[in-house]
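Throughout, protein chains are lettered first and strands after them, A, B, ... in sequence-line order, and every chain is numbered starting at 1.
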Number of protein chains: 2
Amino acid sequence: MSQEQNAAAQAGSESASGTLRRMEEGVCCDGPFPETRRADDAVVEAELSAFKALANEKRLAVVHALREGELCACELETVLDAPQSTVASHLRKLRDAGIVATRKEGKWTYYRIADTASLQLLDLAAALGEDR
Amino acid sequence: MSQEQNAAAQAGSESASGTLRRMEEGVCCDGPFPETRRADDAVVEAELSAFKALANEKRLAVVHALREGELCACELETVLDAPQSTVASHLRKLRDAGIVATRKEGKWTYYRIADTASLQLLDLAAALGEDR
DNA sequence: AAGTCATATCGAGATATATCGATGTGTATG
DNA sequence: CATACACATCGATATATCTCGATATGACTT
């Protein structure tokens with residue numbers, strides 16, 4: 001919630017950056033002003049982890065399959081129509097990213113969505129690209 | 001909103017899949033039951049487009065920088081601390097994915113967040129990984 | 001304890017993505 | 001109209017990710 005205030009924003013009233021000043025001087029980026037616009041590293045890393053995990057067709061298919069309830073790894077093999085080692089590799093990444101969680105029951109490992117926030121992510125992402 | 005009902009869900013009352021039946025028979029995946037659990041291709045493609053666009057450290061940094069208002073391409077060079085062609089390449093991908101939009105003004109091209117849904121995406125993704 | 005089944009891990013080759021210099025395009029400006 | 005600037009595109013190399021057979025692990029069965 002601690003929003004750093006950009007000092008350059010004072011230079012002009014038109015945009016958040018130094019638009020007016022640039023228009024007058026006719027040059028761009030002669031001063032080091034957007035240095036303050038960098039995000040918190042920990043936050044970026046967390047976001048990156050989630051987005052990388054979901055930026056794959058097969059892993060996305062897994063998450064969709066799990067919307068209706070948990071499935072074991074071998075059922076997900078059927079869903080993805082891919083060899084066992086391939087599926088296991090994707091499931092590992094989803095687990096590492098905290099998107100899915102597991103439950104062991106005898107020989108089987110059941111996978112489920114770990115956090116409903118993941119499902120909201122899917123819906124938002126779908127809405128973004130729906131007109132393009 | 002049209003949710004396909006999985007026929008296998010009837011087999012047991014414990015989980016959404018055929019858990020009970022498997023427990024009794026001691027085998028897994030002998031029938032083709034999770035075939036019905038595949039997602040709509042168009043939806044998956046839209047989600048994939050958004051997630052791929054955001055699954056990169058530099059592009060994520062761009063989006064964060066644009067939270068406080070629009071910036072021109074050369075300012076984003078300063079933010080990313082990368083050569084012009086590299087930055088341009090990332091901006092293209094963000095634009096293709098519909099995450100950012102542009103406004104031309106003389107020599108400059110200003111970039112802004114195209115849809116507030118993108119910002120919600122960041123917040124959700126950050127929340128997902130914050131404990132892990 | 002030997003065999004079978006479900007899954008995880010390893011490692012190497014295939015595929016995709018990122019990087020960035022060179023070059024092209026459009027817009028001011030002298 | 002030559003020059004400078006902002007930016008886009010191209011193309012080659014570097015880096016990362018995916019794929020999947022081989023192999024390991026751990027649980028149940030006989």
**Residues from residues 84-92 of chain A lying under 4.0 Å of DNA chain D - heavy atoms** = S85(A), T86(A), S89(A), H90(A)

**Message:** Less than 3.5 Å apart, any donor N or O on the side chain of R103(A) or T109(A) sitting next to an acceptor on the other?
**Reply:** no

Look at [X] and [N] and indicate whether a side-chain polar atom (N or O) is within less than 4.0 Å of OP1 or OP2.
X	N	answer
K107(B)	dG26(C)	no
N56(B)	dA18(C)	yes
K58(B)	dA18(C)	no
R95(B)	dA8(D)	no
Y111(A)	dA6(C)	no
K104(B)	dT27(C)	no

**Request:** Would you mind reporting whether E47(A) and L54(B) have side-chain heavy atoms less than 4.5 Å apart?
**Result:** no

**Prompt:** Does the side chain of Y111(B) reach to within under 4.5 Å of the side chain of E70(B), using non-hydrogen atoms?
**Reply:** no

**Asked** Which distance, rounded to the nearest 0.5 Å, do you find between the CD of E75(B) and the CH2 of W108(B)?
**Response** 10.5 Å

Please give, in whole Å, the distance from [N] [atom2] to [X] [atom1]?
X	N	atom1	atom2	value
L80(B)	dC20(C)	CG	P	11 Å
E77(A)	dG21(D)	CD	C1'	14 Å
F51(B)	dT17(C)	CZ	P	16 Å
K93(A)	dA8(C)	NZ	P	14 Å
L76(B)	dC7(D)	CG	P	9 Å
L94(B)	dT17(C)	CG	P	15 Å
L71(A)	dT7(C)	CG	C1'	16 Å
L48(B)	dT17(D)	CG	C1'	14 Å

The side chain of [X] is closest to which nucleotide in this list: [options]?
X	options	result
W108(B)	dC18(D), dA6(D), dT7(C)	dA6(D)
A73(A)	dT17(C), dT7(C), dA27(D)	dT7(C)
P83(A)	dC20(D), dT17(D), dC20(C)	dC20(D)

**Asked** Salt-bridged, D123(B) to R67(B), with N to O below 4.0 Å?
**Response** yes

**Message:** Taking R59(B)'s backbone N and O only, do any of them form a donor-acceptor pair with N56(B)'s side chain (distance below 3.5 Å, no angle check)?
**Reply:** yes

**Message:** Nearest heavy atom decides the nucleotide; on that basis, is G106(A) or K52(A) closer to the 5' end of DNA chain D?
**Reply:** K52(A)

**Prompt:** Is the CG atom of D81(B) crowded by more than 12 outside heavy atoms at less than 6.0 Å?
**Reply:** no

**Asked** Which atom names give the shortest non-hydrogen contact between V43(B) and A126(A), and what distance separates them?
**Response** CG1-CB, 4.1 Å

